[in-house]
Amino acid sequence: MNIDPRPLHARATEQIAALVKTVRPEQLAGPTPCAEFDVRTLLSHIAGGTRRIAVVGAGGDGMAVRPFLDGVEDDRWSAAYDEVRTEVQKSWSDDARLDALVTVPWGEAPGRIALSGYVMEAVTHTWDLSESLGRPLALDPELAEFALGIARRVLPDERRDDDEELPFDSAVPAPEGADAYGLLAAYLGRRPLS
């Protein structure tokens with residue numbers, strides 16, 4: 001895979017930022033398709049994971065970064081997310097980072113592969129958040145198609161059955177007529193809330 005995932009990651013973070021702006025305070029304690037997360041915790045994880053890949057892009061130790069952003073006041077999620085997504089764009093601006101070996105939770109990989117994995121994570125959590133909020137915005141299908149391609153490449157279903165550390169369940173049947181996001185969610189073992 002020899003693509004530059006930075007434009008896709010930027011689009012994915014723009015989409016998340018737009019979605020985060022729709023979150024109302026009374027939704028923060030609501031459920032998400034990630035059974036262990038409420039909306040507030042999901043926002044914390046989305047922002048924390050984004051900060052982690054920013055640190056990786058800057059040549060730092062992303063594994064030393066907790067994949068949650070703590071201490072964010074309820075009315076500051078949009079601003080907090082904008083800050084970390086700006087960090088990503090700055091830290092990955094050097095083309096050499098795409099071929100540099102970096103360490104991410106699933107191992108060592110060239111930067112372009114690592115950032116592609118974070119596109120998959122961001123798009124997956126976009127679906128999670130959108131489901132939690134009642135689907136307030138139309139989502140970019142091209143991002144979901146890219147993320148699904150990455151998921152199929154790096155997360156074969158049989159591997160997930162043997163690895164309890166993976167944060168994805170085995171694939172479930174996609175609802176009839178599912179769009180690219182529904183296919184991605186089903187492939188990663190997620191089910192809609194309703």
Side-chain angles (χ1 to χ4, degrees), residues 1-17 33-34 36-37 42-69 81 83-129 139-171 180-181 183-190:
M1 184 168 104
N2 198 25
I3 67 151
D4 181 348
R6 293 175 296 187
L8 289 167
H9 192 271
R11 282 173 46 200
T13 63
E14 287 170 16
Q15 181 169 257
I16 290 171
C34 303
E36 68 276 16
F37 293 170
L42 179 58
L43 291 171
S44 173
H45 180 59
I46 290 169
T50 304
R51 170 153 293 146
R52 179 180 267 184
I53 197 63
V55 169
V56 169
D61 180 5
M63 297 307 294
V65 177
R66 186 169 180 271
F68 292 89
L69 191 62
Y81 187 70
E83 289 169 17
V84 295
R85 75 186 187 101
T86 299
E87 286 178 35
V88 172
Q89 292 181 6
K90 288 178 184 173
S91 70
W92 285 91
S93 63
D94 181 354
D95 291 346
R97 295 303 299 152
L98 294 175
D99 296 314
L101 286 179
V102 300
T103 302
V104 288
W106 57 89
E108 191 174 73
R112 72 181 67 245
I113 303 297
L115 190 56
S116 293
Y118 274 84
V119 171
M120 181 194 78
E121 180 170 336
V123 172
T124 301
H125 288 315
T126 298
W127 181 85
D128 294 332
L129 185 58
L139 301 178
D140 182 339
E142 186 180 346
L143 291 173
E145 290 164 9
F146 177 81
L148 181 58
I150 295 295
R152 287 181 173 151
R153 184 174 179 178
V154 301
L155 290 168
D157 199 41
E158 62 275 4
R159 180 175 165 211
R160 289 181 267 160
D161 291 337
D162 298 331
D163 190 345
E164 293 180 15
E165 295 294 313
L166 285 174
F168 305 105
D169 292 334
S170 294
Y181 281 88
L183 295 173
L184 174 65
Y187 187 77
L188 296 176
R190 286 164 156 74

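Numbering of residues begins at 1 and proceeds along the displayed sequence. Small disclaimer: the values here were computed from a predicted structure and weren't measured. Below, each value reflects all heavy atoms present in this structure, side chains not excepted, and no hydrogens, waters or symmetry copies.
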Query raised in the report: With side chains defined as the heavy atoms from C-beta onward, is the minimum distance between Ile3 and Arg112 less than 4.5 Å?
Result: no
Query raised in the report: What heavy-atom pair brings Arg85 and Ala17 nearest, and what distance separates the two atoms?
Result: NE-CB, 3.6 Å
Report task. Taking Arg52 for its side chain and Val65 for its backbone only, find out whether a donor-acceptor pair lies under 3.5 Å. Result -> yes
**Report entry** Side-chain touch Arg190/Cys34, heavy atoms, less than 4.5 angstrom
**Finding:** yes
Query raised in the report: Tell me, do Pro110 and Leu101 make a side-chain contact under 4.5 Å, heavy atoms counted?
Result: yes
Requested in this report: With sequence neighbours excluded, tell me which residues meet salt bridge (charged side-chain N to carboxylate O under 4.0 Å, His left out) with Arg97.
Outcome: none
Query raised in the report: Where do Gln15 and Asp140 come nearest, in terms of heavy atoms and distance?
Result: OE1-N, 2.7 Å
Query - Heavy-atom check, side chain of Trp127 versus side chain of Leu188, under 4.5 Å - result: no
Query raised in the report: Which residues pass the side-chain contact (heavy atoms from CB on, under 4.5 Å) test with Thr86, sequence neighbours left out?
Result: Lys90
Report summary line: Heavy-atom closest pair (Pro7 atom, Asp4 atom, distance to 0.1 Å) is CD-O, 3.2 Å
Report task. Report yes if the side chains of Ile53 and Trp92 come closer than 4.5 Å at any heavy-atom pair, otherwise no. Result -> yes
Query raised in the report: Tell me, do Arg6 and Asp95 make a side-chain contact under 4.5 Å, heavy atoms counted?
Result: yes
**Report entry** Student check: side-chain heavy atoms of Tyr118 and Val88 closer than 4.5 Å
**Finding:** no
